[in-house]
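For reference, the structure discussed in these notes is given below.
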Amino acid sequence: MKTRLFDIPFMYQVTHIPPRCRKEQWAKVRDVLTLAIQEVPEDDAPLAMVVTLPGGKKIDYRWHQGRLLSYNENCGVPQDDILEVFARFAEIKDHSLERIAIEAITKQIHSDRQRVVARIISSASDLRVIGGQLWTPATEPVWELRQVPGTQTYSSLIPNVSWCSAEPSLDFESGNMYRADEKEVALALDTASNTVVDGDIEVLLPEAVRHQLDAAFLTYACEQTWTWTSMECFRKGTCEFFAAYAGIRDALLEMYAEGGDARNGFSGYMAPDLIEHAVAYLNEHDRLFSREEFGDRRRIQILRHAVQRYEYVNQPSLNIETSTPRP
């Protein structure tokens, strides 16, 4: 395996007893760690996506060993790049600590050098040198559909390269995010009459698109439905309504047992019956309540939009109304 050496300056804290002193003192010490970063041939890390941000800036993404990597073009020099990546280790922002040289320590009591070095090595393990440039791990780009505040008429669709998609716990925000290859899906489900697309995501390697945001958002909406179904629904509910409600519960429990956190739509697993129970719940709810009568319209809007989105992407044959405005 071919590697390239980089020098990484860092600081760590020590407890020591200075000469002619009896009391322990804290101090900070500067050091340099030399690390070997793996070099990868360009053929082994093909270009996976090219994102054009609003304003025209382009970001290239490569695919290597199941991970996306991006290139920081702000520096352009690998040694400068690595200094920027590890800048958080280069300084201890505690001005009360005296900075001393390693040679000046005559009696050391404690040092956190080992802990800091371990963190640097762990962070460096995901870095790669490709084509003479330093590439760093990147989150998967998504399309973000933004509604102009205060209006239902205008919206914008832009690439988002910083959404924290690695978090397993999703929330309502995931309903505004679409996969890198779902630009047309986002436009089809957007209810605004004027949508501006600002930027672009060109997918060159389909297997690099891993998100399952439609399943994640549907799971979130079903969790909210199961948790917050009102007493009014239980008082008016029919056998079919309770069967759909119980079906959502059982499907979520199956997901918890199979894949851990049921809200983690990125795991690739969703109970196969969840969409059918969600559709049955909505259809029965619409028979029980008029939209003017039912007070918890927001939650039902979220569930309806989640079902519509999942249906559009996966199962267009399902029977569910699609005229409800997007929440």
Side-chain angles (χ1 to χ4, degrees), residues 1-40 45 59 61-62 64-140 160-171 173 260-261 263-264 266-267:
M1 180 180 66
K2 190 177 180 182
T3 60
R4 183 166 177 176
L5 298 179
F6 291 90
D7 291 331
I8 302 174
F10 68 99
M11 273 191 172
Y12 62 94
Q13 293 184 7
V14 297
T15 307
H16 72 117
I17 300 178
R20 298 181 299 277
C21 293
R22 294 183 179 180
K23 291 185 177 180
E24 298 177 1
Q25 294 183 12
W26 280 98
K28 52 187 178 183
V29 177
R30 182 177 292 278
D31 203 346
V32 176
L33 179 67
T34 300
L35 279 182
I37 305 298
Q38 180 183 351
E39 288 198 62
V40 177
I59 302 177
Y61 291 83
R62 290 186 178 274
H64 179 64
Q65 295 180 342
R67 298 199 62 173
L68 277 176
L69 303 171
S70 65
Y71 165 62
N72 179 12
E73 64 177 18
N74 293 332
C75 299
V77 180
Q79 181 60 46
D80 293 342
D81 287 337
I82 204 123
L83 293 178
E84 181 174 314
V85 170
F86 292 99
R88 66 186 186 278
F89 296 102
E91 187 63 53
I92 296 177
K93 296 180 180 179
D94 187 345
H95 301 293
S96 66
L97 296 179
E98 178 189 4
R99 177 179 165 184
I100 61 175
I102 298 178
E103 299 79 10
I105 300 176
T106 57
K107 189 174 182 180
Q108 178 176 295
I109 307 301
H110 171 77
S111 168
D112 69 348
R113 184 182 190 279
Q114 186 175 356
R115 179 184 62 84
V116 175
V117 168
R119 290 177 59 194
I120 294 175
I121 292 175
S122 176
S123 299
S125 63
D126 294 327
L127 303 179
R128 298 292 183 269
V129 176
I130 307 171
Q133 300 169 337
L134 185 69
W135 292 71
T136 59
T139 58
E140 184 177 321
N160 187 324
V161 298
S162 59
W163 186 51
C164 195
S165 54
E167 291 294 329
S169 179
L170 297 177
D171 54 21
E173 186 185 38
D261 188 344
R263 291 171 294 180
N264 186 358
F266 308 116
S267 66

Separation of Ile109 CD1 from Ile17 CD1 (nearest 0.5 Å) = 4.0 Å
Closest heavy-atom pair, Gln38 versus Thr3, reported as atoms and distance to 0.1 Å, is CA-CG2, 4.2 Å
Take Thr136 and Asp126 through the test side chain to side chain contact (heavy atoms under 4.5 Å, CB included) and record every step on the way to the result.
-> CA-CA 7 Å; Thr136 59; Asp126 294 327; over 6 Å; no
What distance do Lys28 atom NZ and Ile100 atom CD1 have between them, rounded to the nearest 0.5 Å?
-> 11.5 Å
Considering only heavy atoms from C-beta outward, does the side chain of Ile82 approach that of Ile37 to under 4.5 Å?
-> yes
Nearest-0.5 Å distance, OG1 of residue Thr34 to CZ of residue Phe6 | 11.5 Å
Which of these passes side-chain contact (heavy atoms from CB on, under 4.5 Å) with Tyr71: Leu134, Ile130, Asp81?
-> Asp81
Any chance you could measure Arg67, atom CZ, to Arg128, atom CZ, to the nearest 0.5 Å?
-> 8.5 Å
Thr139 side chain to Val161 backbone, donor-acceptor under 3.5 Å | yes
Side-chain contact, heavy-atom cut-off 4.5 Å: Pro9 with Leu33?
-> no
Can you name the closest pair of heavy atoms from Ser125 and Ser122 and give their distance?
-> OG-O, 2.6 Å
Separation of Glu24 CD from His16 NE2 (nearest 0.5 Å) | 10.0 Å
Taking the side chain from Asp112 and the backbone from Gln13, do they hold a donor-acceptor pair closer than 3.5 Å?
-> yes
Under the 3.5 angstrom rule, does the side chain of Arg62 hit a backbone N or O of Ala45 as a donor-acceptor pair?
-> yes
Between Met11 and the options Ile92, Leu97, Val116, the side-chain contact (heavy atoms from CB on, under 4.5 Å) test singles out Ile92
Any donor and acceptor pair, going by atom type alone, linking the side chain of Ser123 with main-chain N or O of Arg119 inside 3.5 Å?
-> yes
What do the steps show when you test Tyr12 against Val117 for side chain to side chain contact (heavy atoms under 4.5 Å, CB included), and what is the final call?
-> CA-CA 9 Å; Tyr12 62 94; Val117 168; over 6 Å; no
Do Phe10 and Ile120 come close enough that some side-chain heavy atom pair is under 4.5 Å?
-> yes
Minimum heavy-atom distance Arg4-Gly132, with the two atoms named = NH1-O, 3.9 Å
